[in-house]
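Notes follow once the structure below has been shown.
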Amino acid sequence: SHGAPWWKEAVVYQIYPRSFNDTNGDGIGDLNGITAKLDYLKTLGVDTIWLSPHFDSPNADNGYDIRDYRKVMSEFGNMDDFDRMLAEMKRRGMRLIIDLVVNHSSDEHQWFVESRKSKDNPYRDYYIWRDGKNGGAPNNYPSFFGGSAWEKDEATGQYYLHYFAKKQPDLNWENPKVRNEVYDVMRFWLDKGVSGFRMDVIPFISKQDGLPDLSPENLAHPEFVYANGPRVHQYLQEMNREVLSHYDALTVGEAFGITFEQAPLFTDARRRELDMIFHFDLVRLDRDGWRKKDWTLPELKAAYAQIDRTGGSHGWNTSFLTNHDNPRTVSHFGDDSPKWRAISAKALATMMLTQRATPFLYQGDELGMTNYPFRGIEDYDDVEVKGQWHDFVESGKVSAEEYLSHLRQTSRDNARTPMQWSAAANGGFTTGKPWLAVNPNYVQINAASQVDESGSIYNHYRRLMEVRRQTPALIHGEFRDLDPTNPKVFAYTRTLDDKRYLVLINFTHETVAYDLPEGLKIATTLLDNGAVQQQVLPGATGVSLQPWQATIYEL
Ligand code: TEU
Ligand code: CA
C-alpha cells in the first residue's frame, strides 16, 4: 500500500534462539524449536523475524562471536534445520532477517587462527595488529567488556584490537579482502532467501586514523569515538552498491555511539546506506553504563520526538523498547507489580506500535515477561557482567552491594531468561536443565494462559498489529506530540491526508483528567488497553484517563 517498501509496514519479532524453545532437552533453544512455534508467531501477527546469531560459535558472547559465518551453531541444529525453518516461514508469508556480526569475529575463526600465527601470514591484515607502547598497550582504548581493548598475543608479541571481549577480535575493514569476504557472506545468506540483516555495532567498522589515545572525557563513553571512524559511510555505500542494491532486503544498523544529528547520514535513502537504525537514546534514557538513573516522561517523549525528526522525509526509523541487551520492557518503563503489570505492559505496547517507525518486538514482551529476581553475582551469565565485576568490584572502586543493586535492573540477562510457554516445569522451555534459569513467575506469566484469553497482553499486541495494518496513518502518518512537557500523559496525533488519530497514554497510577488541545474532538475509539470504565462519547473534547489507560481514538 502507498507504494511503500515492505519493511516500512513490517512488524519484526526478535528471537534470541538460545532462550526461545528447546526441542531436544539439552537446555538450549534450537532452530527446530523456532519452527515449532511459527504458528504462535503467525497468530500474534508478526510478519518478519529477526534471528539473533545462529552461526557456528564458541559462545564467548552467546553467538556474537562467530567462528564460521556459513555454518549453523551445532547447539541450534544444522543447515537442514535452517532451510526447513526458512521454508516454513515463507509458507506462512513471513520473512527472516539475520544478524550480521562483522565488526569482529571469534578468535576461533579460521581467519584469526591464521592471522595470529606470524606477521607475514596472508591473513595478518584481516585484523588490527600493533606494537605495544612504553611496555603497554598501543593506546588507551577500553573494551566494553572490561579492561583494555588490546590483547598481547604471544606468537608475535604484538597486540590485537577488540572493542568487546578478547575472544572477539575486530576485523580490519581497511583491507578490501575483508570487505569482500563480508559481502560474500551476505550474498550466501541472501541467496538462500533471507530478507535482510540487523547489523551489529555497524558504525564501529572504520577505526580512527593512527589510533590516537582517547581524551579523558571520551574514555567514559568510547562509543562516540569508535562510531566515528573516517570511512564508515564509504564502506556502507560500497556494501550497498556491491550487495544490497541487488536484493530486496531490510537493513537495520545497531547505532551504538550515533547521535541524532548523525543518524540521517546512515538512513537518508538518497545516500544508499541503511534503511533504519536502532537509536540508543530511548532504551538507555536512564542509564550510565551499568548504573540505573531516574527517568521522566518528558525525557522519554523528547527521545521519541527526536528519533522521529531524524527520519525526516527521506529516512525511516525503528520503534523498540528492549532487546537481548536491555532489561524487560514492563519492568523498565512500566510497573511489574502484580496489580499493574498487565495494564502497563499493554500501555507500552500501544506506544511502541503506534510510532512512525518499524516496530521491533522482543520475545516474551508479548506476554509481559519481567526482569529476573537476581540475588548474587553467581546468578548472572553475561560476559559483560564478568568484566564489570572485575573492573569495578574486584578493583575496590564500587561495593558488591552497590553494583548488584543496579545490575538487578540493568543486566542484559534480564532479557535472556528462557521464554515462558506454559506452567509446566521450566515454563515449558525445556525438558532438561535450562542454560539460564527460568523466571519463577512462569507459573503465572506464560503463553498458554494468554493465547486464548481475550483480555491478555498477547491479545492486546495482536489487536494492535491488526489495527496498525488496517490504518495507514498509524504507519506512515505524521507524528505530533501534543503536550511534550506533561509529566503524566503521553498525547500524540498521527495524521495522513484527511485521517487523524489520537493516542493517549496515562503513565501514572491515578485517574488523570485530560483536555484535548483547542479544536480537537474525538470521533470514535479505535482500540484501548482495557482500562476504560466508560466509553467516551463522540464529540468529546476531554477524557478522564484511568491508571495506565492507553487508547487510540479517531478524531
Ligand atoms: O551490542 C552492542 C553494545 O555495545 C551494547 O548494546 C552492549 O550490550 C553493551 O551494553 C555495551 O556496554 C551488540 C550486541 O547486541 C551485543 O549482544 C553484543 O554483545 C555486542 O554487540 C558485541 O557483539
Ligand atoms: Ca536444544
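One-based numbering, in listed order, for ligands and for the atoms of each. Fair warning: this is a prediction, and the values are worked out from it, not measured in the lab.
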Quiz item: Please state which protein non-hydrogen atom is closest to atom 19 (O) of ligand 1 and give its distance, to 0.1 Å?
Solution: Asp61 OD2, 2.4 Å
Self-check item: Nearest neighbour in protein (non-hydrogen) for atom 14 (C) of ligand 1
Solution: Asp200 OD1, 3.0 Å
Quiz prompt | Any Phe280 heavy atom less than 4.0 Å from ligand 1 | solution = yes
Quiz item: Does Arg416 have a non-hydrogen atom less than 4.0 Å from ligand 1?
Solution: yes
Quiz item: When you measure from the Ca ion (ligand 2) to each N, O or S atom of Asp30, which atom gives the shortest distance?
Solution: OD2
Quiz item: Do Tyr40 and Trp421 make the cut of ring centroids closer than 6.0 angstrom?
Solution: yes
Quiz item: What's the shortest distance from atom 15 (O) of ligand 1 to any protein heavy atom, and which residue and atom give it?
Solution: Asp325 OD2, 2.5 Å
Self-check item: Distance from atom 11 (C) of ligand 1 to nearest protein heavy atom, with residue and atom
Solution: Glu384 OE2, 3.2 Å
Quiz item: Under 4.0 Å from any heavy atom of His324, which atoms of ligand 1 are there?
Solution: 14 (C), 15 (O), 16 (C), 17 (O)
Exercise. State which residue, out of Arg92, Met85, Lys90, fulfils the side-chain contact (heavy atoms from CB on, under 4.5 Å) condition with Glu88.
Key: Arg92
Quiz item: Taking the inter-plane angle between the rings of Phe256 and Phe144 on a 0 to 90° scale, is it parallel (under 30°), tilted (30 to 60°) or perpendicular (over 60°)?
Solution: tilted
Exercise. Report the relative orientation of the aromatic rings in Phe260 and His279; use parallel for angles under 30°, tilted for 30 to 60°, perpendicular for over 60°.
Key: tilted
Self-check item: Closest to atom 5 (C) of ligand 1 among Tyr163, Tyr16, Phe145, Phe256 (heavy-atom distance)
Solution: Phe256
Quiz item: Relative to the heavy atoms of Arg284, which atoms of ligand 1 are at a distance of less than 4.0 Å?
Solution: 6 (O), 10 (O)
Quiz item: Quick one: do Asp170 and Lys207 make a salt bridge, cutoff under 4.0 Å?
Solution: yes
Quiz item: Is Arg70 positioned over the aromatic face of Phe188, cation under 6.0 angstrom from the ring centre and no more than 45 degrees off axis?
Solution: yes
Quiz item: Under 6.0 Å between the ring centres of Tyr380 and Phe374?
Solution: yes
Self-check item: Structural part of Arg198 in contact with ligand 1, heavy atom criterion under 4.0 angstrom
Solution: side chain
Quiz item: Non-hydrogen atoms of Arg287 versus ligand 1: any pair closer than 4.0 Å?
Solution: no
Quiz item: So which of the N, O or S atoms of Asp26 lies nearest the Ca ion (ligand 2)?
Solution: OD1
Quiz item: Tyr64 and His324: aromatic ring centres closer than 6.0 Å?
Solution: yes
Self-check item: Closest approach to the Ca ion (ligand 2) by Asp22, given as the N, O or S atom name
Solution: OD1
Quiz item: Of the choices Arg412, Glu254, His104, which has the non-hydrogen atom that lies closest to atom 1 (O) of ligand 1?
Solution: Glu254
Quiz item: Going by the angle between their ring planes, with limits at 30° and 60°, are His406 and Trp290 parallel, tilted or perpendicular?
Solution: perpendicular
Exercise. Can you tell me, to 10 degrees, how wide the angle at the Ca ion (ligand 2) is between O on Ile28 and OD1 on Asn24?
Key: 150°
Quiz item: Does the ring of Trp173 carry Arg231 above it, NZ/CZ under 6.0 angstrom from centre and within 45° of its axis?
Solution: no
